[in-house]
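These notes are about the structure you will find just below.
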Amino acid sequence: MNNKNIRERDELHKAIWSIADDLRGSVDGWDFKQYILGIMFYRYISENITNYINEGERKAGDKDFDYTKISDEMAEGERDNLVKEKGFFILPSELFCNVCKIANNEKERLNEILEKIFRNIENSAKGHESEDDFSGLFDDIDVNSNKLGATVPKRNEKLIKILKGIESIPLGNYKENSIDAFGDKNANGIVLLKSYGDYYYGYEDEKGGKQLGYEERITNLLQKYPLGEQIVGEQAKRDFIAEMGNILRLRNILTSFDKFEGNEILNDRDFQDYIGTYTDLYEEFKPKKGKSESIKDDIVFEMELVKQVEVNIDYILMLVAKYHESNCTDKEILGSIDKAIKSSLLLRSKKDLIDSFISKINANTNVRDDWTKFVKEQKEIDLKKLINEENLNEDETRKFINNSFRDGAVKTIGTDIEKILPPMRRFGGGNRTERKQTIIEKMLKFFEKYFGIIENGGDKEQKRHD
């Protein structure tokens with residue numbers, strides 16, 4: 001930790017204790033920690049989302065835009081998009097800075113206002129990937145507690161002091177602050193990462209519920225669904241799908257920790273067998289056209305399944321090599337290649353690429369080496385075309401696609417996708433949502449075409465340490 005970071009932490013701690021001392025009465029000052037830290041977090045996420053929106057609007061041409069000053073009605077139009085990008089949503093009238101402005105005039109019902117705002121922030125994440133992160137986030141802030149005072153007016157007096165005290169803390173711009181009080185200062189979203197041990201062995205959540213870890217889930221998997229045995233009954237199949245979905249998510253997180261290597265429990269072959277069963281059941285339960293029912297985690301499943309494409313490509317290249325050895329005369333091999341491609345959901349997106357390569361084969365072709373060269377060249381051509389057609393930020397787009405290849409999935413929600421977009425106004429008309437969706441669809445198509453068929457570029461994943 002550098003000197004600036006240490007100094008900022010000391011200043012922050014001093015400011016927190018100053019507020020607590022100012023509030024000290026019959027109850028010890030540290031009993032106010034849940035209010036002080038909770039409302040500090042409320043300020044943090046208010047400034048986080050405000051800066052994020054303002055930066056985008058000003059970059060798009062509205063230099064004077066200020067999210068804190070627009071109407072709630074206008075902001076509502078971007079609720080869904082912002083929850084997908086940031087994981088949560090706060091109305092302008094419910095931002096920390098705007099509540100501070102009205103606090104002195106709301107001495108009779110400030111507690112009710114804050115209680116409603118905290119619930120609104122938590123509820124904004126419901127039905128989204130961030131739901132678990134925000135569920136019960138403000139439970140420790142009991143604005144009706146007798147610790148704050150015996151009557152509502154006295155409680156609200158304390159709440160006003162806390163709000164004003166936290167408002168006076170010089171946190172600075174949330175991006176420039178190096179205190180890291182609430183997570184990773186380099187992240188644009190809210191980071192609530194748990195430890196390796198929590199993910200591997202399990203943990204107790206904020207409500208006292210037990211969350212199974214990877215080790216116990218694998219043990220349950222082996223006991224309930226032994227390898228080689230058929231899964232009988234619809235409910236058993238659905239339970240297996242849900243269990244594998246949980247394991248896939250945990251495994252995806254755990255692979256980012258160094259210590260997971262060698263502790264996977266299942267060897268590659270057994271894991272692939274379970275993935276094979278998972279694949280078969282997905283096809284069986286996949287909703288038919290026109291029906292809305294879907295199995296849990298089907299999207300997560302498909303993203304994980306994409307990683308299996310390399311084996312299929314190796315098989316195709318083996319057939320291409322045989323075709324080359326026949327001096328490109330054995331049309332039955334071409335038929336086998338075509339059937340193999342059509343039988344694979346994942347290879348269909350690569351059919352044009354494979355067919356184009358085969359059409360260029362001649363006596364001097366080295367199948368493996370020339371395939372790699374061909375794909376790299378075609379990938380660069382397609383990427384440049386996509387960037388130019390959609391006027392994307394080239395540096396951010398290349399970084400985004402490299403990270404997608406590295407992670408095995410395109411993140412269509414969150415702030416990363418926003419960085420590649422051309423400047424577009426979020427408020428004041430336009431077709432930002434439609435344009436963004438078009439770009440996402442093109443990025444997904446590009447990813448599906450090239451993922452897994454050669455060693456894709458991109459930075460090696462930075463390992464997180466417990």
Side-chain angles (χ1 to χ4, degrees), residues 52 56 80-87 127-130 187-189 191 245 248-253 255-256 275 278-279 282 286 294-310 312-313 344-353 375-376 378-422 424 432-462:
Y52 174 75
D80 287 344
N81 288 329
L82 285 166
V83 174
K84 289 177 182 177
E85 295 164 22
K86 297 295 292 176
H128 297 271
E129 289 187 4
S130 56
N188 287 322
V191 178
L248 286 170
R249 286 196 298 274
L250 284 170
R251 188 181 177 99
N252 188 48
I253 294 170
T255 52
S256 65
I275 288 293
Y278 190 45
T279 305
Y282 171 72
K286 188 167 63 174
S294 63
I295 61 173
K296 186 180 180 182
D297 297 332
D298 56 338
I299 295 178
V300 173
F301 164 80
E302 291 202 36
M303 291 301 187
E304 295 297 329
L305 183 62
V306 170
K307 297 179 180 179
Q308 308 310 313
V309 71
E310 291 174 283
N312 291 330
I313 285 295
S344 170
L345 179 66
L346 300 175
L347 283 178
R348 288 174 183 174
S349 62
K350 310 177 196 316
K351 179 173 170 48
D352 290 344
L353 196 66
V375 172
K376 286 182 177 179
Q378 194 61 46
K379 174 170 166 271
E380 179 62 21
I381 291 171
D382 287 350
L383 184 57
K384 283 184 176 178
K385 181 180 178 183
L386 175 57
I387 291 171
N388 292 333
E389 284 182 350
E390 297 298 335
N391 191 30
L392 304 180
N393 181 309
E394 182 168 357
D395 290 341
E396 291 294 342
T397 300
R398 290 183 180 278
K399 180 180 177 182
F400 179 83
I401 199 65
N402 282 340
N403 288 343
S404 297
F405 286 138
R406 179 198 67 193
D407 297 337
V410 175
K411 292 175 64 177
T412 59
I413 59 175
T415 58
D416 289 345
I417 189 72
E418 296 294 315
K419 295 177 183 177
I420 76 171
L421 301 178
M424 295 182 287
R432 186 181 190 279
T433 300
E434 293 81 2
R435 181 79 188 283
K436 177 181 175 181
Q437 186 58 39
T438 297
I439 291 171
I440 286 175
E441 289 172 0
K442 288 187 176 183
M443 293 298 293
L444 286 169
K445 188 174 180 180
F446 178 85
F447 174 83
E448 290 167 0
K449 182 175 181 180
Y450 289 102
F451 178 70
I453 51 179
I454 61 169
E455 180 65 29
N456 290 294
D459 301 328
K460 290 185 178 180
E461 184 172 5
Q462 178 66 36

Practice problem: Could you go through the side-chain contact (heavy atoms from CB on, under 4.5 Å) check for L82 and Y52 one step at a time? | Solution: CA-CA 10 Å; L82 285 166; Y52 174 75; 4.1 Å; yes
Are side-chain heavy atoms of [X] and [Y] found at a separation under 4.5 Å?
X: K442; Y: T438; value: yes
X: L383; Y: T397; value: yes
X: L421; Y: R432; value: yes
X: I417; Y: I413; value: no
X: R435; Y: P422; value: yes
X: L392; Y: I439; value: yes

Quiz item: Backbone N or O of I420 within a donor-acceptor pair of the K399 side chain at under 3.5 Å?
Solution: no
Rounded distance [0.5 Å steps], [atom1] in [X] versus [atom2] in [Y]:
X: D352; Y: Q378; atom1: CG; atom2: CD; value: 10.0 Å
X: D382; Y: K449; atom1: CG; atom2: NZ; value: 4.0 Å
X: D407; Y: N402; atom1: CG; atom2: CG; value: 10.5 Å

Practice problem: Output all residues satisfying ring-ring contact (aromatic ring centres under 6.0 Å, His included) with F446, sequence neighbours left out; order by chain, then residue number. | Solution: Y450
Practice problem: Answer yes or no: are there more than 12 heavy-atom neighbours, outside K84 itself, under 6.0 Å from its atom NZ? | Solution: no
Self-check item: Residues E85 and K436 bridged, charged N to O under 4.0 Å
Solution: yes
Self-check item: Salt bridge flag under 4.0 Å for residues K445 and E441
Solution: no
Exercise. Start with the C-alpha distance between K419 and N393, add both sets of side-chain angles, then the distance that settles side-chain contact (heavy atoms from CB on, under 4.5 Å), and finish with yes or no.
Key: CA-CA 7 Å; K419 295 177 183 177; N393 181 309; over 6 Å; no
Quiz item: What are the two closest non-hydrogen atoms of G87 and S130, and how far apart are they?
Solution: O-OG, 2.5 Å
Quiz prompt | From CA spacing to verdict: side-chain contact (heavy atoms from CB on, under 4.5 Å), I401, M443 | solution = CA-CA 8 Å; I401 199 65; M443 293 298 293; 3.9 Å; yes
